[in-house]
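See structure below.
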Amino acid sequence: MSVVQQVKQAAVKAITSLYQIELREESILVNATKPEFEGDYTIVLFAFVKQIKKSPEQLGNELGEYLVQQNPSLFTSFNVIKGFLNLSISNEYWINFLSTNYDNAQFGIKEKNNEKVMVEYSSPNTNKPLHLGHLRNNFLGWSIAEILKANGNDVVKTCVVNDRGIHICKSMVAWQLFGNNETPETKNVKGDHLVGDYYVKFNDAYKKEIDELIAAGKTKEQAEKEAPIMLAAQQMLVDWEAGKPDVIELWKQMNSWVYAGFDETYKNIGSDFDKVYYESNTYLLGKDLVKQGLEKNVFYKKEDGSVWIDLTKDGLDEKVVQRKDGTSVYITQDIGLAEQRQKEFNAKQSIYVVGDEQNYHFKVLKLICQKLGLPSADGIYHLSYGMVELPTGKMKSREGTVVDADDLVAEMINIARQKTEELGKVKDFTEEELIELYKTIGLGALKFFLLRVDPKKKMIFNPEESIDFHGFTGPFIQYTHARIKSILRKTDEVASFGFQVSGSLSLLEKQLAVQLETFPAIIEEAATEHDPSKLAIYVFNIAQTFNSFYSQHSITNAENEEKKMLRLQLATLTAHTLKTGMHLLGINVPERM
RNA sequence: GGUCCGGUAGCUCAGCUGAAUAGAGCAACAGCCUUCUAAGCUGUGGGUCAUUGGUUUGAAUCCAAUCCGGAUCACCA
């Protein structure tokens, strides 16, 4: 049990027995004591001053006295300042905490609870390569899945590939028109980039045709509708749905190029999935649910045959769920897929990692599923994240302002190489080790940069100012880990030395121990709030505290053997915690750098 | 227009289930490498927490209004 929990429990007991008042543990506010005051944890008394009808000072003194008396192994002393009861936790408690946990590489990871969670993330379109926005999605999705695993859940990672629709047809048409049978092999370019290039070519040609039509006297609207290349794309979609063999073949061909490209990128950035769905297989799902919904009067039919749901009572609008021609819309397949996955996994939570532009969509999806009575409905959670923008505004593929994922990753690795070479600390590394290290650092910097902020906030990425390697960054934490490992490599005493420390802890020794002790609680918080940034901030704080500790205390040349062992334990547990915490963000930590 | 999200140091962000003098990083400035990795550490300066009003013993945090920025409200996905 965590210290904070123990404090709360003890406080509840104390208040009950002193004042005969029943309190819930949650109603007791326990904070870390501010550094300028004496103590480790602080109970804020104002909340129950009224109920108990005593002055905060009196209450604090009575409570403090009782707590110290009843829990001598936990509390050693207390002081009351205004409405704050500051409690000092005993040295023995921290020392005991360290000696029982320091060698546990799994520290912070919870036991399995067999609760199933589905995480859907990445979900790319097959008409263009991944860009910076997708990276935020992938890193978030992967991280939240790992965090939930660490919190005891049984996690299934899924991906829904949008492999059909008008946008794919655009790339196909452009390739037919301008491609000259070009392939990724003949052009020596990744398949997703090749297909993306034709998507751009389509839009260029489309724009040109519109201009020509306008010059010939058409209105802008007419021109947009009548441009031959757009008509060709629309025809291709019709042909695709009709299963026309040559269209299907081209579609399969081009998609296979894209998948080969995606696989390379995913492998590079560390994304993986337990199950991949393709919209070409799932886009017809949900039709039977529309029928059921009509029978249950959840949906209603208009005269023209289209099917709707009225969500005005829920503060939303009316929403179409089936077109008048009987075909389904986007949300219909999401409902169908939700049902299918319910049958497949029976997950308690379904987390959709999707940008905040779809907030409304997911509100509607959850409501509809609830109204249809799908068992998985209440567990639907939209992990909504803000767009990644450039200083100039949003990224626009048509304007060529998109930051390509592969390019960016390569650039980061390149910067990692430059900086590492400048420092010249790894001259004895083999070529393979260097390549590995540059990737670890470059990708670590990028992932940390994208994960350290609250997911729901939009963020600005400035490609001109490259991502920093100092301060609140991935490499800073990696460096701290490497430093510790360097010390531990030089000593193998830790595992064999059974010791008993009796002296007191220095300020920084204790601060580090106190922070390390909260790791399990931080993982739990990140999991319940679906927020990896909590973990990123925590890991940074640990590294910061360790570095201060490191600069003030010698570990291998400590004042005495006891201190040395204590510090080795602190360092070991710090290394484990940094490694685990970074792993949960999808970031590796090197042994040396 | 309706709904939702955001506005905290020059910049990027924590803090937002109310509590002590609002915190980090970057940038600026001043120090610290014959001692475990200086991708580090220490210190200094830097704030009308968008504005106004309210609730409260106590508000960056809760409520209301206003201003600014964004998203969304398709028989698109």
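Protein chains get the first letters and strands the later ones, always in sequence-line order, with residue 1 at the start of each. Owing to the predicted nature of the structure, the values given are computational and were not obtained by experimental measurement.
Side-chain atoms of A/S533 and base atoms of B/A14 include no donor and acceptor less than 3.5 Å apart. Residue-to-nucleotide contacts include no donor-acceptor pair under 3.5 Å from the side chain of A/D334 to the base of B/A77. The base of B/C36 lies outside donor-acceptor range of the side chain of A/S486, with no N or O pair under 3.5 Å. Taking 3.5 Å as the limit, the base of B/C36 and the side chain of A/T556 contain a donor-acceptor pair of atoms between them.
Remark: A/L29 CG is packed, more than 12 non-hydrogen atoms of other residues, nucleotides or ligands lying under 6.0 Å away.
Syn is the glycosidic conformation of B/C33, whose angle stays within 90° of 0.
For the pair A/N31 CG and B/C16 P, the interatomic distance rounds to 10 Å; values are reported in whole Å.
With B/A38, B/A77, B/G15 as the choices, the nucleotide that has an atom nearest any side-chain atom of A/H361 turns out to be B/A77. Distance from the side chain of A/F476 is smallest to B/G40 among B/U37, B/G40, B/A14.
Close to B/C5, at under 4.0 Å from its OP1 or OP2, lies no side-chain N or O of A/Y360.
Contact check for A/I331 versus A/H361: side-chain heavy atoms found under the 4.5 Å cut-off.
The aromatic ring of A/F46 stacks onto the base of B/A19, its centre lying under 5.5 Å from the centre of the six-membered base ring with the two planes under 30° apart.
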Dot-bracket for RNA chain B, 5' to 3', Watson-Crick and G-U pairs with both distances under 3.5 Å, [ ] for crossing pairs, | for partner on another strand, reads ((((((((.[[[[.)...(...]]]].(((((.......))))).....[[[[[..)....]]]]])))))))....
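Separation of the P atoms belonging to B/U66 and B/U44 is 44 Å when rounded to the nearest angstrom.
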Do any N or O atoms of the protein come closer than 3.5 Å to N or O atoms of nucleotides 21-28 of chain B, and which pairs are they?
from  : atom 1 : to     : atom 2 : distance (Å)
B/A24 : O3'    : A/Q544 : NE2    : 3.2
B/G25 : OP1    : A/Q544 : NE2    : 3.3
B/G25 : O2'    : A/F472 : N      : 3.2

